[in-house]
Amino acid sequence: MFRFKGADVAYVCYKADSEAGAEAMAAADTPRQNDQTPFVLVHGFGLSSFHWNRLAPVLAKASNRDVYAIDLLGFGKSAKTMPQGERLSTKLWGELIAAFAAEVCGGAYVVGNSIGSLSALQALACPSNGTFVRGAVCINVAGGMNNNVRMLDTDFEYDPNLRLIYVPFKAVLAVLNALLKTKWVAKRLFDGVRSPEGVGNALKTFYPFNPEHVDDDLVKSVVAPAEDEDALDAFVAMLTDDAGERPEIIYDQVLEAARLANRQPPPLCIVWGECDTATPLGGPIAQHFQKLSKVQENDATLRFTVLEGHQHFPHDDEPELVVDSIMAWQCAVETKKA
């Protein structure tokens, strides 16, 4: 366990010199043997470090670097009760990632999926980060911790139809948030979404190529933590608290911090599933970063890669393909350094 502000944070480590598969998972307190910058993997909503069990050993072997996978606070085997005086937020998760990169890894590249990507960007923007989070790979970036996402003026430029649904959508969300703060309503919803059958069916919609990857072990990795004490409170907080800053705003903060420090911005790779229905490729967030990547002077500064036919979890559906994207970006980063 890693201690962050007094709370336990679970993680696993896949060693660079391990064989792929179960043997790649080493004890969490095993010291890192190679001196190359490791990777830290950060999962999406409702999931845990287990969601990287297919990609992590492949990445460790391909990169010859140690690979860590963490459970964010509120998920997996990590604490469900927040540190004293803290509210669950993507900013808090970003601080956690930055602290982990500094104290456990001595510096790391962060790879995130969905809200894990959003948290990775928060880690890049974290004032305490320094240079410990040296770059990030963001797979299908979420707009916020929940659906209470702030709208930007540019959203309507990318999708004019948003104006038609924005007001009624916010009204529905307000009602749902009020209902979720009623304990018995929240518990009934929580019990419904955490059933093994419901979890399995929901996950399979995001695996167009290898639906068999949604096996009993993956479902159990989602269902079991939901039995923990305070899991319900964490669930309600995630759905009803402030969604946090949008990824576009966070990345602007990263660029501004680099400008003020007179240094190059940390390298960023955006990977997007072409057919993602959770965070669509045609949506304003993906369109923003895709447009931004086209005006960068160097491919390593901001690279945008589209994975044909893929959904929201390409890293677990077809891990080798995502590792190829990560390694191509990593090669560009190293070439730029040289």
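Residue numbers count from 1 along this sequence.
In this structure, the side chain of Gln287 engages the main chain of Leu281 through a donor-acceptor pair within 3.5 Å. Although no hydrogens or angles enter the test, the distance criterion places no donor-acceptor pair under 3.5 Å between the side chain of Asn210 and the main chain of Glu212. In this structure a side-chain-to-backbone donor-acceptor pair under 3.5 Å is missing from Ser48 to Asp71. A donor-acceptor pair is defined here as one N or O able to donate and one able to accept, closer than 3.5 Å; no such pair exists between the side chain of Lys15 and the backbone of Cys13. Glu274 places no side-chain N or O within donor-acceptor distance of the main-chain N or O of Val306, the cut-off being under 3.5 Å. With Ser63 contributing its side chain and Leu59 its backbone, the two residues share a donor-acceptor pair below 3.5 Å.
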| field | From CA spacing to verdict: side chain to side chain contact (heavy atoms under 4.5 Å, CB included), Leu124, Tyr251 | value | CA-CA 8 Å; Leu124 286 177; Tyr251 188 59; 5.5 Å; no
| query | Step by step, would you call Val271 with Val137 a side chain to side chain contact (heavy atoms under 4.5 Å, CB included)? | reply | CA-CA 7 Å; Val271 179; Val137 178; 4.2 Å; yes
| message | The test is side chain to side chain contact (heavy atoms under 4.5 Å, CB included); show your working for Lys80 and Asp233 and say whether it passes. | response | CA-CA 8 Å; Lys80 306 299 183 295; Asp233 291 340; over 6 Å; no
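No side-chain N or O of Asn140 forms a donor-acceptor pair with one of Ser114 less than 3.5 Å apart.
How far NZ of Lys204 is from CG of Asp317: 13.0 Å, rounded to the nearest 0.5 Å. Annotation: the span from Asp66 atom CG to Cys105 atom SG amounts to 8.5 Å, rounded to 0.5 Å.
Taking the six-membered ring where the residue is Trp, His312 and Phe206 present tilted rings, their angle falling between 30° and 60°. Classification of the Phe2-Phe4 ring pair by plane angle, with boundaries at 30° and 60°, yields parallel.
Other residues, nucleotides and ligands contribute only 12 or fewer heavy atoms inside 6.0 Å of the CG atom of Asp216. When the shell of 6.0 Å around CD of Gln84 is examined, it contains 12 or fewer heavy atoms from other residues, nucleotides or ligands.
The side-chain heavy atoms of Ile285 and Arg246, taken from C-beta on, include a pair separated by under 4.5 Å. Tyr109 is listed as a side-chain neighbour of Arg65, based on a closest heavy-atom distance under 4.5 Å. Within the 4.5 Å cutoff, the side chain of Pro266 has heavy atoms near those of the Val254 side chain. Counting heavy atoms from C-beta on, the side chains of Pro247 and Phe289 come closer than 4.5 Å. Residues Val322 and Ile139 meet the side-chain proximity criterion, which asks for heavy atoms closer than 4.5 Å. Considering only heavy atoms from C-beta on, Asp215 stays 4.5 Å or farther from Val219 through its side chain. Side chains of Leu96 and Leu72 form a contact here, defined as non-hydrogen atoms less than 4.5 Å apart. Residues Leu73 and Trp93 are in side-chain contact: their nearest non-hydrogen atoms beyond the backbone lie under 4.5 Å apart.
Tyr14 and Tyr68 have their aromatic ring centers separated by at least 6.0 angstrom. Outside the 6.0 Å centre-distance limit, the rings of His43 and Trp52 are not counted as a close aromatic pair. Between His213 and Phe313, the ring center distance fails the sub-6.0 Å criterion.
Between Asp316 and Arg54, at least one side-chain N (NZ, or NE/NH1/NH2) sits under 4.0 Å from a carboxylate O, which counts as a salt bridge. With respect to the salt-bridge test (charged N to carboxylate O, under 4.0 angstrom), the residues Lys91 and Glu245 do not qualify. With respect to Arg87 and Asp241, a salt bridge is recorded, a charged nitrogen being found less than 4.0 Å from a carboxylate O.
Residues satisfying the side chain to side chain donor-acceptor pair (under 3.5 Å) criterion with Glu256, sequence neighbours excluded, are Arg259.
With hydrophobic clusters built from ILVMFWY side chains whose heavy atoms lie under 4.5 angstrom apart, Phe209 does not share a cluster with Leu203.
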